[in-house]
Number of protein chains: 2
Amino acid sequence: MTGPARILLADDHALVRRGVRLILDSEPDLTVVAEAGDGAEAIALARAEQPDLAILDIAMPRLTGLQAARELSRTMPGLRILILTMYDNEQFFFEALRAGANGYVLKSVADRDLVEACRAAMRDEPFLYPGAVTALIRDYLDRAARGQDQPERAITAREEEVLKLIAEGHSAREIAQLLFISIKTVDRHRANLLQKLGLRDRLELTRYAIRAGLIEP
Amino acid sequence: MTGPARILLADDHALVRRGVRLILDSEPDLTVVAEAGDGAEAIALARAEQPDLAILDIAMPRLTGLQAARELSRTMPGLRILILTMYDNEQFFFEALRAGANGYVLKSVADRDLVEACRAAMRDEPFLYPGAVTALIRDYLDRAARGQDQPERAITAREEEVLKLIAEGHSAREIAQLLFISIKTVDRHRANLLQKLGLRDRLELTRYAIRAGLIEP
DNA sequence: CCGGAAATGGGTGTCAGCACCCATGGGCGA
DNA sequence: TCGCCCATGGGTGCTGACACCCATTTCCGG
C-alpha cells in the first residue's frame with residue numbers, strides 16, 4: 001500500500017483545474033499534488049513533484065499538452081499521462097497515442113469518465129472514450145485492408161509548432177525569426193501541413209487549429 | 001430571509017458545470033438549481049425554474065450565451081445575468097453589457113472571483129474583472145475626448161455581405177462571381193473593411209467575423 | 001549498417017491579397 | 001439643388017503565399 005495516486009493537473013483555465021481537483025480529491029485513491037497553467041510549467045512541476053499521473057489539456061500556452069506529453073513520456077518513462085481535451089478530433093487522438101498518452105478523455109464526458117480513466121491509467125491500462133475506440137478500430141481495419149502500404153504520415157512535433165504560429169496569424173517571416181530557422185523551412189513545414197491535412201491555405205489551417213483546440217479565436 | 005440564491009448554470013462542458021457547481025454549492029448563500037448545455041436549453045430552464053441568477057458561458061451550441069442573455073434580459077427583467085467566458089476580449093465584454101449582463105467573469109480567474117461576482121449580482125451591483133474595468137474607462141475617455149463628433153462610420157450592408165463571404169474562406173474571385181460584381185469591387189469592399197475595423201488581412205477579418213458571431217467556426 | 005523519415009535550406013515561378021491611384025452613376029439628406 | 005456617401009470598376013505595383021524542383025545532415029529502427 002503506497003497511498004493515493006499523486007496527480008499533476010495541467011490546464012490553462014483555473015476554473016477547470018479547480019473543478020477537476022474537486023472531483024479527483026473526493027476520491028480516496030486519487031490526490032492532486034500540483035497544478036500547472038501551461039505545458040512548460042507542467043514539465044517543470046512533473047520533474048519537481050515526481051507524480052504518478054499527469055492530466056494534460058491540449059490547448060495551453062507556450063507548450064501544448066501534446067508537446068508536453070512527448071517530452072514527459074521521453075524523459076520520465078514511469079509517468080502515466082492522460083490527455084484531456086474539449087474537441088473530438090481524430091488527428092489529435094492518434095497524435096496523443098503516439099505522444100505516449102495512456103488515455104484520451106473528452107471534457108464533455110469527463111465528469112463521468114475522468115475518475116475511471118485515472119484508475120485505468122494507474123493500472124497501466126489504456127482508457128479511450130467510445131468514439132475514440134470506434135476511430136481506432138476503423139483505422140485498424142483501414143490499415144489491414146490496405147496492407148499497411150501507406151502508413152499515412154502524421155503531423156510531427158515541429159509541424160504542430162509551425163501550425164500553431166500560422167494559426168495565430170504570424171507570417172512565414174515572423175515564424176522563421178521566432179524559431180531561428182529559414183523562411184524556406186517554414187514554407188516547407190506549411191506545405192507538408194497543407195498536404196497532410198488536405199487543406200488549401202493558411203486560412204483553412206487556422207480554422208483547423210481552432211476546431212482542434214490548438215488555439216483560441 | 002428567503003434562503004440561498006437560486007442559480008441556473010449554462011455551459012456546454014459538463015466538466016466545467018460540475019466544477020462550478022461544486023464551487024457554488026459549497027457557499028451557504030448560493031445553490032445551483034438547474035444546468036443547461038446550450039443557450040436554448042438555458043432559456044427554457046430559466047422559464048421553468050425562475051432562478052434568481054443565470055451564469056452563461058459565451059461559446060455554446062444553438063444559442064450563444066450572449067444571444068441567450070439578450071432574450072432573457074428582455075423577457076425576464078428580474079433575472080440577474082453573469083457572463084462567464086474564456087475570452088478576454090473587449091468586443092465581447094461591451095456586447096455583454098449591451099445584452100443586459102450584470103457581470104462579466106473570465107474563466108481564468110473565475111476560481112477566485114466567481115463567488116464574489118454572484119454575490120455582487122444578487123445585490124444588483126455590477127461585477128467586472130480588472131481588465132474589463134480598464135477597457136471601460138478607456139472607452140469612456142475616448143468618447144469624451146472625441147465629443148462624439150465622429151460617429152465612426154459603420155459597416156454597410158454590402159460590406160457585411162462581403163465580410164461574411166471572406167470569412168467563409170471564399171477568394172475575391174469567388175465572391176465576385178457569387179455577387180455578380182467585379183473582382184475590383186470586392187477588393188474595394190475588403191479594403192474598406194480592413195480600414196474601418198483597423199485590421200490587417202483577411203485572416204484577421206475571419207477572426208473578427210467569428211468573434212462577432214457573423215459565422216460559425 | 002543501411003534505408004527512410006524528419007528537419008534543414010536554396011531556386012524559380014505563378015497568383016492572390018492588398019495598397020495606392022483614378023473615375024462614374026445613383027440616391028438621399030441638408 | 002448641391003454635395004456626400006455608397007457601390008461600382010479600372011490600372012499599377014509590391015509582397016507574401018504556395019507549388020514544384022533540388023540537396024544536406026541527423027537520427028532511429030530493422
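Throughout, protein chains are lettered first and strands after them, A, B, ... in sequence-line order, and every chain is numbered starting at 1.
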Does dG9(C) have OP1 or OP2 sitting under 4.0 Å from an N or O in the side chain of His189(A)? no
Could you check how far CZ of Arg158(B) sits from C1' of dG27(C), rounded to whole Å? 16 Å
Check every strand shown and say whether Arg188(A) touches a base, only sugar-phosphate, or nothing at a heavy-atom separation below 4.0 Å. base
From the list Leu15(B), Leu84(B), Asp11(B), side-chain contact (heavy atoms from CB on, under 4.5 Å) partner of Leu15(A) resolves to Leu84(B)
Calculate the interatomic distance between Lys196(A) atom NZ and dA7(C) atom C1'; express it in whole Å. 11 Å
Atom-to-atom span, CD of Glu161(A) to C1' of dT8(C) - whole angstrom: 14 Å
Please state how far atom NE2 in His170(B) lies from atom P in dG17(C), giving the value in whole angstrom units. 12 Å
Rounded to the nearest angstrom, tell me the gap between atom CZ in Arg202(B) and atom P in dG16(D). 15 Å
Counting only distance, no hydrogens or angles, is the base of dT12(C) paired donor-acceptor with the side chain of Lys184(A) under 3.5 Å? yes
Please determine if a side-chain N or O atom of Arg200(A) lies less than 4.0 Å away from the OP1 or OP2 oxygen of dC18(D). no
For Glu160(B), I'd like to know if atom CD has over 12 heavy atoms of other residues, nucleotides or ligands within 6.0 Å. no
Rounded to whole Å, CZ of Arg190(B) lies from C1' of dC6(D) at a distance of 18 Å
Measuring from the side chain of Ala191(A) (C-beta onward, heavy atoms only), which nucleotide among dG17(C), dA19(D), dT8(D) has the closest atom? dA19(D)
Thr185(B) has its side chain closest, among dG9(D), dA17(D), dC21(D), to dG9(D)
Atom CG of Asp201(A) and atom P of dT14(C) are separated, to the nearest Å, by 21 Å
Distance test, side-chain N/O of Thr156(B) to OP1/OP2 of dA7(D), below 4.0 Å: yes
Heavy atoms of Glu174(A) and Ser171(A) approach each other most closely as OE1-N, 2.9 Å
Heavy atoms of Leu53(A) and Leu79(A) approach each other most closely as N-CD1, 3.8 Å
What's Ile183(A) touching, base or sugar-phosphate or nothing? Going by heavy atoms closer than 4.0 Å. nothing
Whole angstroms only, please: what is the CG-C1' distance between Asp187(A) and dG9(C)? 10 Å
Salt-bridge contact Arg158(B)-Glu161(B) (side-chain N to carboxylate O under 4.0 Å): yes
Quick one: which of dG17(C), dT8(C), dC18(C) gets closest to the side chain of Leu194(B)? dC18(C)
Taking only side-chain N and O atoms of Ser182(B), does any of them lie within less than 4.0 angstrom of OP1 or OP2 on dT8(D)? no
